[in-house]
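When reading the values below, keep in mind they use all heavy atoms of this one structure, side chains included, and skip hydrogens, waters and symmetry mates. Residue numbers start from 1 in every chain, and the chains themselves are labelled A, B, ... in the order their sequence lines are given, proteins ahead of strands.
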Amino acid sequence: MNHQDIVTEIIKVLTPLVKDKGVEQITEDTELTGELALDSMQVMNMLLELEDAFDISIPVNAMADIKTVGDLANQIEQLMSGHS
Amino acid sequence: MSSEAFCVSPAQSVTPTRNTLPLRRSDFATLAEALDYAAKGVTGANFYVRGKLDTVLPYSELRTDAQQLAQRLLSLELPRGARVAIVGETTPDFLRFFFACQYIGLVPVALPATVNLGGHAAYVEKMRGMLKGAGASIVVASNEFIGFAEEAVQGVDIAFCGTPAAFRELPLSDAALSPTGPDETAYMQFTSGSTGFPKAAMVTERALSANMYGSSMYGVGMNEDDRFVSWLPFYHDMGLIGCLLTVVSSQRSVDFIDTREFAMRPRRWLELISTNKATVTYGPPFGYELCAQRVRPADVEGYDFSKWRVAGVGAEPISPAVLDRFCSVFASCGFKPEAFIPSYGMAENALAVSFAPRDKPYEVDWIDPDELTEELKVKFVDAGTGRGFVRCGKPIPDHEVKIVDEQGTALAELGVGRILIRGPSMMTGYFERPEATAEVLSADGWYDTGDIGYLSDGEIVVTGRHKDMIIINGRNIWPQDIEAIAERQPNIRSRDASAFGIVTEQGSEQAVVVVQCNNLEESERTELVQSLRREVYEELGITCLVELVPRHTLPRTSSGKLSRSGTRVGYLKRREAEKNGDKGADGVRRAV
């Protein structure tokens, strides 16, 4: 699975979470908490779905430097290749 | 691995519920004494990770490990009473370090183990503030957190910062162990202070003992068949005192799952309660609500909650609807409404102030909300109408509660006013914050809780707060923290932001910040709102509604200070006008 596939999967997970928020398009550069206004439960739900989709476990410290969809994809890529 | 490596054999099984020791209900003078006694039995703490049993730590082993670790900490030659900051992850090492301190008169203080999405810098800053606020000499952080800890200690005077493994490399001192005595500080607990001004409550062994005794003896009424299951973090008083220390001091077994795992997969907590036949749990209402929302009908059929006799609930206002919903969802599993024990407490009083009576269903006072807020009067209305407040029981023995008006005059039953408490569990004060201590704790021992409420047949009913604090999912959020984030944005000046909480239609609390600014371009407005929202999330872990208003909109008090309550009234009026189709009046924009 390449970077773009991961981004696509993340966007698939995010789309229903933000459907009422008037977001036109989610891209790699979309900010998760600022632009999409995810709340803590939505962040949890997103992580849950991503953990299941990619069969990974996202450690708590991995969250700290994720601002955008692209950051999240990079982190997942690392976790999948075991170099977190 | 060294002889001290805490490896787990695959064949291990959880510690039993029934102990070989006679039950003692937290009647020890100190925590070290409590663990010394518990170590003679067979019970202990069990840690579940990703749905599987990960580590079993019988109290006998905990004591051995803690004492050995204490010998190593002694090699650092810290003065007695020095603070040991431990990142409060749900791990066996937290217990080992916490109890190691108890054997040598050091003072443990738990740090939050939660990093928000994108919140690297904010977490490091918060940790640094707490390390300074606690005057910590030692920092303990797991591999996951050590990176943040090493950043946080930059410029702070710390004797040793390391992972548990690094501490196990320290030499063993041959100095004698000398446990913390009854009048020494048992631990410090960061309370609901704002992040800019963290306050750590100092609690002595004597105060802690008094509180745990009250909980074990009267609140929970501990018995030989009790077993705890907890997802609460150790950096929260309910998790630390309620679900760890009280459990050790009454020699019960406990099963832990990590807080984040619970938030993502609450059914794992329910499964544990069912499988391990747990009898006692604690949690804020939102935790029970999360379970009721997430559970699937097929799961409910499989659960056995017939042994669950105490489901303590507190730490935030308790909506009767949340308890009702949980009861109805899980009734078929054997969950009984009388298991819910609404309780009232705070870190300044170690933990518990009161528990609702056991073995009878929770009671709700239905009262007229207008009479309450405008007249400070309790006017009962028909059940299910007006607003329902859950009764939180009478204070535990030897603890007093009184309700006072603004002048400090004690009110009779059903008089609504400030809730004050006094008793043997009280903190000695906030660490190195004499003014902050004096603000809340009077010379004659009365502590002003910051809550508003009344007494009904001697039972405490909490109706609100006179502090501006906002409580979201059991966590306390200070408006000044949100305002500070707003005021550091470009184009925003000091005293341009006013934050407060509102109650949503679902009955939960929501933070709002109203920001006044000059006319900005649409793109600038969007940018301002988004960066504000992002920074609030990174720092505080909550979402905040942002409303931008023209300058000179925010109301001020007669002394020229911003009025949060006035801003709140104005905000609600504008929302009401908007609902009635009056959109865009006064150039006011919808909150986003």
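Ranked by heavy-atom pairs shorter than 4.5 Å toward chain B, the options A/Leu36, A/Asn45, A/Asp65 are led by A/Asp65. For the set A/Asp71, A/Leu72, A/Ile58, the entry with the most heavy-atom pairs within less than 4.5 Å of chain B is A/Ile58. Here B/Met264 is the residue among B/Met264, B/Glu535, B/Glu527, B/Glu89 with the most heavy-atom pairs under 4.5 Å with chain A.
In this structure, B/Gln530 CD and A/Glu35 CD are separated by 4.5 Å, a value rounded to the nearest 0.5 Å. For the atom pair CG (B/Leu117) and NZ (A/Lys67), the distance works out to 9.0 Å, reported to the nearest 0.5 Å. Distance check: A/Ile66 CD1 to B/Asn116 CG gives 12.0 Å after rounding to the nearest 0.5 Å.
For A/Gln42, no part lies near chain B; criterion is any non-hydrogen pair under 4.5 Å. Contacts between A/Leu32 and chain B at a heavy-atom distance below 4.5 Å involve the side chain alone, from C-beta outward. Heavy-atom distances place the side chain of B/Leu290, and not its backbone, under 4.5 Å from chain A. For a residue to count as touching a neighbouring chain, one of its non-hydrogen atoms must lie under 4.5 Å from one of that chain's; by this rule B/Glu538 touches chain A with the side chain only. When heavy atoms are compared at a cutoff of 4.5 Å, B/Asp258 does not approach chain A at all.
Around the CZ atom of B/Arg488, the shell of radius 6.0 Å holds more than 12 heavy atoms that belong to other residues, nucleotides or ligands. Other residues, nucleotides and ligands contribute over 12 non-hydrogen atoms within 6.0 Å of the CG atom of A/Asn2.
Side-chain atoms of B/Phe145 and A/Asn61, non-hydrogen and from C-beta on, never get closer than 4.5 Å to each other. B/Tyr537 has its side chain within reach of A/Val43: a pair of non-hydrogen atoms, C-beta onward, lies under 4.5 Å apart. You'll find the side chain of B/Thr543 stays beyond 4.5 Å of the side chain of A/Met41, heavy atoms only. Looking only at side-chain heavy atoms (C-beta outward), B/Arg260 and A/Val60 come within less than 4.5 Å of each other.
In this structure, B/Arg265 and A/Asp52 approach most closely via the heavy-atom pair NH2-OD1, 3.1 Å. Of all non-hydrogen atoms in B/Gly541 and A/Ser40, the two that sit nearest each other are O-CB, 3.8 Å.
Residues of residues 4-11 of chain A having a heavy atom under 4.5 Å from any heavy atom of chain B: none.
No donor-acceptor pair under 3.5 Å is formed between the side chain of B/Glu144 and the backbone N or O of A/Pro59.
The pair B/Arg533-A/Glu31 fails the salt-bridge criterion, with no side-chain N (NZ, NE, NH1 or NH2) lying under 4.0 Å from an Asp/Glu carboxylate O.
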